[in-house]
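Only one structure is covered here, and it is reproduced in the block below.
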Amino acid sequence: MKAVTPIIALLATAEATCGIPSTGTTKLREEAGKKGILIGSGAINPTYLDDPRFAAVLAEQFNSLSPENELKWSFIHPTEGSFTWETIDRLVDFAEAHGMMVKGHGLISSCCNPDYLLSITDPTAFRAAMAAHFEAVMHRYEGRVDRWDVVTEALKTQGGGLQANDFYNVLGPSYVEEAFRIARAAVPDAKLFISDNLVESLPGKRQDLYDLVSGLVANSVPIDGVALQMHITEVPPTPGVITDMVNAYRELGLEVAISEMDVHTLNTTLQADIYGAVISEALSAGITDITFWGFTDKHAYTWLPGAKPLLFDENYRAKAAFYATHTALTDFVRAP
Ligand code: G3I
């Protein structure tokens, strides 16, 4: 009979005990925690917590979470004055029970706005609806959600200025500024972010975002940071671009976070390399808040047929992308 090595025996025991495959490494949150870094999973639909293995890996590996769609307007506030609090309550309770932070995602998004809002065409009434929505949602989670994506995807997908979303159509470009002012007044202690995609790969859009944000800062709009979504498809950002963005926004007094990272490709080696390179550069540049758009391919959102963009496979086994991320975290030495 073959001898079972102690390490294999140990891994098998871990699997049998908690029902999830062992990674054979320390936890991501353990490594991140030592260095003061938030390592999170976004795209958490609270119903996924019904799966004990999903809940176990989430709580074990991450020290932050954010919802997928459930905080977007039509989900949490489908008809005027009526809220579906139980979904987000469940997520926040879960986070607190496991020592995790919560990021609010979806106050203003390019999708998911209810008919009652869309029927308002008078700017004053629309503004009042926006303030009522922000106040209700942000007050409910005051002190429990530490940071918010206030405006998501203000810019046209390929760049070229603000996109004409439901807010722009009624309030014009000032809706961005108004959203931040309402949010700060509602919860003065939470960090407020503007979140956008593709800026790491499209120079023109990168400049658009900088112009927008520097204009907000010049107008004393209360904004704390820029959230780079970092949805990558096949091609990694050019080395140095993330660092340049962090430095540019730091000069404006703002922080930069990664808020929705995933890597869409059929090439798992390339995927791991991209995860490793991006996380490594982000940490060296001074980013301390990194969130992925989910963590298991079981619940992945992708536009590339067949792509499995996340760190764990559908059965919660760590992929090469996980190990590349883990190595980037362990290798990182934070400047004193
Ligand atoms: O809830 C309806 C359901 O009633 C209906 O039957 C069904 C039919 O298609 O649609 C359901 O809504 C879907 C919703 O997700 C909830 O499942 C929408 O069609 C679908 O478009 C929506 O997709 C979400 C997408 O944002 C909307 O733009 C994704 O789940 C979500 O992961 C994605 O997340 C965005 C971030 O918020 C912002 N950044 C980009 C990111 C996508 O990578």
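Remember, it's 1-based here, ligands and their atoms both numbered in the order they're listed.
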Do the ring planes of Y316 and F54 sit parallel (below 30°), tilted (30 to 60°) or perpendicular (above 60°)?
perpendicular
A student comparing K72, E68, E153 should find that the heavy atom closest to atom 37 (O) of ligand 1 comes from K72
Would you say atom 11 (C) of ligand 1 touches the protein, meaning some protein heavy atom is under 4.0 Å from it?
no
Can you confirm whether something in the protein, heavy atoms only, sits under 4.0 Å from atom 29 (C) of ligand 1?
yes
F126 and its side-chain contact (heavy atoms from CB on, under 4.5 Å) partner, picked from N169, L117, T121:
L117
Are V57 and L329 connected, step by step, through hydrophobic side chains (Ile, Leu, Val, Met, Phe, Trp, Tyr) whose heavy atoms are closer than 4.5 Å?
yes
Heavy atom of protein inside 4.0 Å of atom 39 (N) of ligand 1, strictly below:
yes
Which residue and non-hydrogen atom of the protein lie closest to atom 25 (C) of ligand 1, and at what distance in Å?
Y301 OH, 3.7 Å
Report the relative orientation of the aromatic rings in Y175 and Y168; use parallel for angles under 30°, tilted for 30 to 60°, perpendicular for over 60°.
perpendicular
Any sub-3.5 Å donor-acceptor pair from N219's side-chain atoms to V221's backbone N or O?
no
With a 4.0 Å cut-off, strictly under, does atom 19 (O) of ligand 1 pick up any protein heavy atom?
no
Under 4.0 Å from atom 4 (O) of ligand 1, do we find at least one protein heavy atom?
no
Non-hydrogen protein atom less than 4.0 angstrom from atom 14 (C) of ligand 1:
yes
Just to check, does N69 reach to within less than 4.0 Å of ligand 1 when the distance is taken from its heavy atoms?
yes
Under 3.5 Å: donor-acceptor pair, side chain of E200, backbone of I232:
no
Does the protein put any heavy atom within less than 4.0 Å of atom 32 (O) of ligand 1?
yes
Among all protein non-hydrogen atoms, which one is nearest to atom 34 (O) of ligand 1, and what is the separation to 0.1 Å?
W293 CZ2, 3.3 Å
Using a strict 4.0 Å cut-off to heavy atoms of Q229, name the atoms of ligand 1 that fall inside it.
39 (N), 40 (C)
Atom 8 (C) of ligand 1 touched by protein heavy atom at under 4.0 Å
no
Using the ring centroid of each side chain, check whether F322 and Y275 are separated by less than 6.0 Å.
no
Any N or O of W303 closer than 3.5 Å to N or O of ligand 1
no
Treat each ILVMFWY residue as a node, draw an edge where side-chain heavy atoms are under 4.5 Å apart, and state whether Y249 and F193 are in one component.
no
Quick one: does any side-chain atom of E281 pair with a main-chain N or O of T243 as donor and acceptor, under 3.5 Å?
yes
In terms of residue, atom name and distance, what is the protein heavy atom nearest to atom 41 (C) of ligand 1?
E260 OE1, 3.5 Å
May I ask you to identify the nearest protein heavy atom to atom 27 (C) of ligand 1, giving residue, atom name and distance to one decimal place in Å?
C111 SG, 3.7 Å
Strictly under 6.0 Å, is that where the ring centroids of W293 and H105 end up?
yes
